[in-house]
Amino acid sequence: MYSRILVPTDGSTAAARGVREAVALARTLNAELVVLHVLDDFPITGTLIDSGHEILDKAAELATAGGVACKTVLHELATHRTANAIVERAAREHCDLIVMGTHGRKGIARVVLGSDCEKVLRMSPVPVMLVRELD
């Protein structure tokens, strides 16, 4: 069904839940994971890059422990939004599913902070699976 799954992560608990679900799904489907971390703060500093690599390493460890092949990608964002980078990376990596953890914000918090998940849902040419953070 799905052979390559993109899973973006920012290191949050919601994203970590998305990674765990993606690993379980990939294991069941014998699919490969592409784990993506987008650096969207400019200027990019060495500390942010190191932190991004740590986030990716943790996700890769989960995938490896789950017996799932995994590729990691650190994307330095310069000109557009995180959601665009996620959709573009899914196309570039030939992914046929995107799995994302979401905070499930509502009301003012959603309006003020925006929702990368919502934007990915609207723009993605491939199916998107959203995994809510547990309360």
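None of the values given here were measured: they were computed from a predicted structure.
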List in chain and number order the residues that pass salt bridge (Lys or Arg N to Asp or Glu O under 4.0 Å) with R122, two or more places apart in sequence or in another chain; answer none if no residue qualifies. E118
Applying salt bridge (Lys or Arg N to Asp or Glu O under 4.0 Å), name anything that partners E93, two or more places apart in sequence or on another chain. R4, K71, R89
Approximate separation, where rounding is to 0.5 Å, of L130 CG and S115 OG: 8.0 Å
Nearest heavy-atom contact between A83 and K119 is CB-CB, 3.5 Å
Please name the pair of heavy atoms, one in D10 and one in A15, separated by the smallest distance, quoted to 0.1 Å. OD1-CB, 3.3 Å
Pair L36-T9, side-chain contact (heavy atoms from CB on, under 4.5 Å): steps then yes or no: CA-CA 6 Å; L36 172 67; T9 182; over 6 Å; no
What closest approach, in Å, do P127 and Y2 show between heavy atoms, and which atom pair accounts for it? CG-OH, 3.8 Å
Counting only pairs under 3.5 Å, give me each side-chain donor-acceptor contact of residues 52-59, with atom names and distances, residues two or more places apart or in other chains.
none

Could you list the residues that satisfy side chain to side chain contact (heavy atoms under 4.5 Å, CB included) with A90, not counting sequence neighbours? L6, C95, I98
For S3, side-chain hydrogen bond (donor to acceptor under 3.5 Å, both in side chains) partners two or more places apart: D96
Could you check if a side-chain atom of N84 sits within less than 4.5 angstrom of a side-chain atom of M123, using non-hydrogen atoms only? yes
For D116 and R81: C-alpha separation, side-chain torsions, deciding distance, then whether side-chain contact (heavy atoms from CB on, under 4.5 Å) applies. CA-CA 8 Å; D116 284 318; R81 299 192 54 98; 3.9 Å; yes
If you apply the rule side-chain contact (heavy atoms from CB on, under 4.5 Å), what do you find for I5 with V34, and how did you get there? CA-CA 6 Å; I5 301 170; V34 177; over 6 Å; no
Measure across G18 and V99 and return the closest heavy-atom pair with its distance rounded to 0.1 Å. O-CG1, 3.6 Å
Let's go through V23 and L25 carefully: what are the C-alpha distance in whole Å and the side-chain angles of both, what is the deciding distance for side-chain contact (heavy atoms from CB on, under 4.5 Å) to 0.1 Å, and is it a yes or a no? CA-CA 5 Å; V23 168; L25 183 61; over 6 Å; no
What is the minimum heavy-atom distance between M100 and C117, and which atoms define it? CE-SG, 3.6 Å
If you look at every heavy atom in V87 and P125, which pair is closest and at what distance? CG1-CD, 3.9 Å
Is there any salt bridge (Lys or Arg N to Asp or Glu O under 4.0 Å) pair reaching into residues 15-24, and which pairs are they, with sequence neighbours excluded? none
